[in-house]
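In what follows, a single structure is set out as structure tokens and then discussed.
Chain letters run A, B, ... following the sequence lines, proteins first and then strands; every chain starts at 1. All values below were derived from every heavy atom in this structure, side-chain atoms included, with hydrogens, water molecules and symmetry-related copies excluded.
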Number of protein chains: 2
Amino acid sequence: MGQPSQAREKLLNTAIELMSARSYADVGVQELCEHAAVKKGSFYHFFPSKRDLALAALDRQWEVVQREVLERAFDEQVPPLKRLERCFELFYDHHCGVKAQTGRVLGCPFGNLAGELSTQDEGIRLRVVRIFNGLASYIERALRDAVKAGEVPEMDTSTAAQAVVAYLEGIMLLAKATNEPGLIKQLGQSSIRGLVAGMAAPRTPPERKRRAVGE
Amino acid sequence: MGQPSQAREKLLNTAIELMSARSYADVGVQELCEHAAVKKGSFYHFFPSKRDLALAALDRQWEVVQREVLERAFDEQVPPLKRLERCFELFYDHHCGVKAQTGRVLGCPFGNLAGELSTQDEGIRLRVVRIFNGLASYIERALRDAVKAGEVPEMDTSTAAQAVVAYLEGIMLLAKATNEPGLIKQLGQSSIRGLVAGMAAPRTPPERKRRAVGE
DNA sequence: CCTCTAGTTGACCAGTTGGTCAAGTATATA
DNA sequence: TATATACTTGACCAACTGGTCAACTAGAGG
């Protein structure tokens with residue numbers, strides 16, 4: 001069987017397309033199947049449930065983001081802080097393209113799914129956390145290089161990387177809410193250097209108050 | 001009629017409780033009614049649709065956040081930058097309490113709804129944008145005061161305020177995804193000063209490239 | 001040729017979705 | 001006492017939800 005069925009692939013792509021544009025809950029199995037031109041029975045031959053399709057779509061999207069955005073932006077040839085700027089720039093470009101086609105800023109698919117499902121599906125939540133960690137590790141590498149190169153003061157690069165991820169996700173959310181891709185450029189470029197510069201190690205302020213309630 | 005029916009109020013509170021804990025789509029009208037002990041017919045006497053309930057719940061939650069968090073945090077007596085720190089601290093405290101009760105970090109209800117529905121419901125999207133703008137204006141006032149007090153260099157306070165809102169929302173999303181309220185404290189306190197310090201006015205870098213695709 | 005496996009098909013399921021409606025019950029006012 | 005208003009009630013709706021299943025088809029290997 002030269003092409004071991006395109007159904008799985010079509011479902012994956014359809015899920016990415018529809019769920020990114022709307023939401024997990026709003027896209028039903030039926031619509032997924034119609035759009036992918038796959039019968040429902042086949043759906044459940046390839047995926048045990050809708051949620052498993054979403055999980056697979058998450059993995060696929062992460063692969064794409066790594067290949068299309070992160071590997072390009074975080075090229076080790078580029079000066080460390082410049083890498084962060086390029087990352088924002090590539091996301092900006094991408095969102096401009098999507099808006100030109102669909103009229104909408106769709107935000108970050110990982111952040112969207114995390115916001116919708118983190119409290120309801122532990123598997124999805126953990127997958128998104130792993131993706132966020134993956135993103136953070138690209139950023140942290142750049143930050144470590146920036147420290148080494150003296151572009152930036154000594155700091156807790158791990159926490160700083162998380163801060164940048166948070167900032168990125170927040171920008172994507174605001175861009176989605178305002179339907180304005182320009183926010184990604186505006187907020188990304190104007191303050192990302194400040195954010196990391198301001199992370200200069202205060203030696204992790206020695207744990208003053210209450211402790212988090214524990215996992 | 002001393003109490004002009006508690007049904008509306010009960011529905012509002014139930015919507016806030018259930019939708020904050022899960023999502024808009026996952027909470028049905030039926031469940032809303034059962035939980036509020038209100039019959040479906042009454043639901044539609046008070047709200048023309050589920051979406052209108054969500055809109056009303058959004059307004060109510062914004063009132064509460066203003067009263068319980070923002071008015072306290074952004075007290076003009078407090079030194080400007082300290083206000084931002086207090087804001088993060090209050091959100092941290094709140095999320096610790098919620099996690100202690102429910103076992104979950106629920107994130108920001110406005111951000112959650114924006115992520116889920118911005119592309120699907122223009123009314124909800126615009127309401128959330130107005131709320132984000134409201135939040136930004138508290139922050140911007142603090143930033144202007146901070147500039148005046150010399151706590152911080154001259155800057156575009158409007159853009160900087162948006163950056164802080166983005167950062168806040170991103171932190172809430174990460175805290176939700178990791179189910180770890182500690183992130184709010186850790187990321188909030190360690191880098192918020194850096195973020196705003198780094199916004200020092202580069203005179204709005206004179207519009208180098210493409211223009212956003214337009215509303 | 002037979003069989004095994006991968007994939008396909010469409011009928012089927014119980015439960016739920018958001019929403020409607022006509023009839024009823026209070027209560028306040030005139 | 002009559003009437004208007006505010007609210008309640010439960011039956012009802014078509015469409016859809018995620019998911020199941022047994023029968024079927026097609027190609028590859030023995």
d([atom1], [X]; [atom2], [N]) in whole Å:
| X | N | atom1 | atom2 | answer |
| --- | --- | --- | --- | --- |
| K10(B) | dT8(D) | NZ | C1' | 12 Å |
| E34(B) | dT9(D) | CD | P | 14 Å |
| D52(A) | dG19(D) | CG | C1' | 13 Å |
| F46(B) | dT9(D) | CZ | C1' | 13 Å |

Next on the checklist: Closest-nucleotide mapping onto DNA chain D: is R51(A) or H45(B) further toward the 5' terminus? I mean the 5' end.
Outcome noted: H45(B)
Item to check | Salt bridge flag under 4.0 Å for residues R104(A) and E122(B) | outcome: yes
Under the side chain to side chain donor-acceptor pair (under 3.5 Å) test, residues paired with [X] that sit two or more places apart:
| X | value |
| --- | --- |
| D75(B) | none |
| T157(B) | E140(B) |
| R22(B) | D26(B), E31(B) |
| N13(A) | none |

Item to check | Per-nucleotide protein contact string for nucleotides 12-18 of chain C, where B marks a base within reach and S marks sugar-phosphate only (heavy atoms under 4.0 Å, - for neither) | outcome: -----BB
Checklist entry - Of the nucleotides dT9(D), dT9(C), dT8(D), which has the atom closest to the K39(B) side chain? => result dT9(D)
Next on the checklist: So, using ring pair (Phe, Tyr, Trp, His ring centres under 6.0 Å) as the criterion, who are the partners of F74(A) when residues are at least two apart?
Outcome noted: Y138(A)
Next on the checklist: What contact category does F43(B) fall into here, base, sugar-phosphate, or nothing, at under 4.0 angstrom with non-hydrogen atoms?
Outcome noted: nothing
